[in-house]
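Notes to accompany the following structure.
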Amino acid sequence: MIKEKSNTALTFEDFKTEVLKDYTIAITSRECSLLGRKEVLTGKAKFGIFGDGKELPQITMAKFFKNGDFRSGYYRDQTFMMAIGELTVEQLFAGLYGNTNINEEPMSAGRQMGGHFVTHSLNEDGSWKNLAQQKNSSADISPTAAQMPRLLGLAQASKIYRSFDNIPNQENFSNKGNEIAWGTIGNASTTEGVFFETINAAGVLQVPMVISVWDDEYGISVHAKHQTTKEDISEVLKGFQKENNTNGLEIIKVKGWDYSELIAAYQRADNIAREKHIPVLIHVQQLTQPQGHSSSGSHERYKSKQRLDWEKEYDCVRQMRLWMIAINIASPEELDAIDAIAKKEVLEAKKKAWISFITPIVAEQKELVLLLEKIAVAAENPNGILSYAKKLNGIKEPLKKEILVSARKSLRLLPVGIEKAELLQWISNFTKKYQDAFSRHLFSESEWNVSSVQEVAPTYSEEDERQDSDGRMIIRDNFDAIFTKYPESLIFGEDSGNIGDVNQGLEGLQEKFGELRVADVGIREATIIGQGIGMALRGLKPIAEIQYLDYLLYAIQILSDDLATLQYRTFGRQKAPLIIRTRGHRLEGVWHSGSPMGMIINAVRGIHVLVPRNMTKAAGFYNSLMECDEPAIVIECLNGYRLKEKTPTNYGEFKTPIGIVETIRKGTDITLVSYGSTLRLVMEAASELAEDGINCEVIDLQSLLPFDIKHDLVKSIIKTNRLLIIDEDVPGGASAYILQKIIDDQGAYEYLDSRPQTLSAKAHRPAYGTDGDYFSKPSIEDIYEKVYAMMNESNPNKFPSIY
């Protein structure tokens, strides 16, 4: 970093050394981009997206990036990662080749295309590293601007840590809140809605965030005139400029090829954000993209000759070189020597990365070829297997897929015997090894995962005269216990603070715990989730509240693309144990009674989805999740806040087990499966059916992800031999998922005496009012008649048709 030494002035030699070091990083990164594109075009790599043209501002940003800081970035920040010492050339090429070894490809173990960067926040066992003593990068994702919401939370964590000194292990996560969250984004991506949502929220919250906009005038092939009003994002954002006695952000413009101007701009931004906790946007203009957008196309197709000529002239590496020569930092010959060394070192590192990637695969290729040649004699047609072996042996640089395909096709040609068993074992070992490499860590594998939580039942006082409470009071008093027990916990959402949420489930808690821990926020669901992700990445335990389940759609992209994939795409090296609180299911109206569960559970694999039937169960889920290191969505029943429940005495302690179903009515004739608000109707229908001689077993799923990990549902079906799933999602929604889990995963088909059936809501949104609910979603009568018809089918004499 260019800075003054303690008690001494910066000498020209110090300055020269620092500048030459920066130039070396820049030219090394550029060589990586050039050679990386060639690797794609020769077929060794699948796709390439590189940071050429952005080297100089990224090096400058790195100078002010301190231990404890976090980056939430754009997939072109390779030079920055090299400059902070978190990316080697060999690792960059390992990512390009898709190496599945986390030690050789630490960015994602081959799960993401090159250009997506991360630092490890976790040890191999899932425990936290000391984030305050390292430079941190949250894991990149490809969806444009989707890194912005999490950036907000990363910055807000500094505000929380600056405001509280009683958070456990705070020294591992923050130096008294003096960290900056650094965001990067391409100019075209600033047209996305989540970018503006983040800018607005940052201006309101006043958090230490510095956003760098890399502006090269294009978004793939589309010029800025088609992207941004006035072709200038900083002009568009002038209304957000902080003024005396207002909130907002500072806006700085700087040319991306001017080394000294860049240093001044980033120094200023660092001072403003780090010391004053004011967000800053740095609009880095006049950047270039020498190789175009990616390896899949050529920018000569859409850029004019004049633009291409300008890009060659104002390439930031070239301009740095000219500037260094002009002020006598280095001669052209000295810089040529640096260029030559960099080119050689990049080439050598590339070769080493390729050898590390391909060598074990070739060894497995040879191993299988030898095995196939040995066992071919056992086949009726040995030449068939030998042809597979010969074809495989002729592949110079095999894929794992090609090896396994050869083995599996050969297996078909072998009769039962020792040889087939030997090949089958080889296939099993190979598949397990690489299936794990491609599939592990969707969920936490640490000792703090959800399966580690032991159930603790609510306790009740016999002496307490107040035996029943409104559901809202149970959830409120349990949150009170949580915020008292866990200083790192906080909750925020629309109407969550001052009025204690729209259903008074947080009544009085802002007054008790303060406006930072029980906070109101604007109507901006995507960045509410982003706040939670960022703070959870930094060791806090946030609860992000989305007012109604229907509104989760605003945030589904962030949930699906960022939070749900985090553990997976980092091979278990980052986690964000965010709890999302929302409410839904049956009420009244198109936008306040939705249950889009099929959409949610299929979009957020990697996040647990919990569907408690009452507030005591919901409170128990929150208590369980506070001890876990995994994200989850808890969907409270919107019509349950005024219903009476027994009052627990052990708030904050009782725990609802996650992934465990509960049988709430025993029976022998049919198994009825449901969750959430609909269970009350199912229980009423079961009582009416009992009067007519039909004994229903009713099971509450409690959670959809994970799903019945003990397989208790099939145990019930073994007893009843019939199954009906009642669900208020659309036809084929969550009910299809539930049916698949029971039939396919639990193997219930062989125990059924009649076809399993589902009863869902209508395909449309629920119409308004009580009548709308009755005609849109399953009713007691619907459930009764569906069950009765199933029993009539099996025993028409005992249960004659009612129609």
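Positions are given from 1, in the same order as the sequence printed here. Worth knowing before you read on, the calculation uses all heavy atoms, side chains too, and leaves out hydrogens, waters and symmetry mates.
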Answer yes if the ring centres of Y568 and F443 are under 6.0 angstrom apart, and no otherwise.
no

Between H116 and S142, does any side-chain donor sit less than 3.5 Å from a side-chain acceptor?
yes

Between the side chains of T582 and E636, does any donor sit under 3.5 Å from an acceptor?
no

By salt bridge (Lys or Arg N to Asp or Glu O under 4.0 Å), D562 pairs with (sequence neighbours left out) R150, R569

Testing the basics here: between M597 and A734, what is the closest heavy-atom pair and its distance to 0.1 Å?
CB-CB, 3.7 Å

Using the side-chain contact (heavy atoms from CB on, under 4.5 Å) rule, pick out the option among L552, V609, V634, I635 that qualifies with I580.
L552

Only residue of T191, N187, T190 satisfying side-chain contact (heavy atoms from CB on, under 4.5 Å) with Q227 is T191

Can you confirm whether or not the ring centre of W128 sits under 6.0 Å from the ring centre of F173?
yes

Determine whether the side chains of Q147 and S72 contain a donor N or O and an acceptor N or O closer than 3.5 Å.
no

Please determine, by modelled atom types, if Y551 and E494 share a side-chain donor-acceptor pair under 3.5 angstrom.
no

Are D773 and K777 ion-paired here, with the side-chain N under 4.0 Å from a carboxylate O?
no

Residues two or more places apart in sequence or in another chain: which of them pass side-chain contact (heavy atoms from CB on, under 4.5 Å) with N178?
R162, N175, K176

So, S234 and H283: side-chain donor and acceptor under 3.5 Å apart, yes or no?
yes

Any chance the side chains of N503 and R583 put a donor and an acceptor closer than 3.5 Å?
yes

Exceeds 12 heavy-atom contacts within 6.0 angstrom, atom CD1 of I499:
yes

Among residues two or more places apart or on two chains, list those pairs meeting ring-ring contact (aromatic ring centres under 6.0 Å, His included) that have a residue in residues 184-205.
none

Which heavy atom of V518 sits nearest to which heavy atom of S496, and what is that distance?
CG1-O, 3.7 Å

Are side-chain N/O atoms of Y266 and S212 paired as donor and acceptor at under 3.5 Å?
yes

What about F80 and F117, are their ring centers closer than 6.0 Å?
no

Assess whether a salt bridge exists between K253 and E235, defined as any Lys/Arg side-chain N lying under 4.0 Å from an Asp/Glu carboxylate O.
yes

Under a 4.0 Å N-O cut-off, is there an ion pair linking R274 with E179?
no

So does K276 have more than 12 non-hydrogen atoms from other groups sitting under 6.0 Å from NZ?
no

Which residues pass the ring-ring contact (aromatic ring centres under 6.0 Å, His included) test with F164, not counting sequence neighbours?
none

Taking salt bridge (Lys or Arg N to Asp or Glu O under 4.0 Å) as the test, write out the residues that go with D729, two or more places apart.
none

Side chains of D77 and T184 only: does a donor on one sit below 3.5 Å from an acceptor on the other?
yes

Which residues satisfy the salt bridge (Lys or Arg N to Asp or Glu O under 4.0 Å) test with E250, sequence neighbours excluded?
R268

Closest non-hydrogen atom pair, L516 against S163
CD1-OG, 3.3 Å

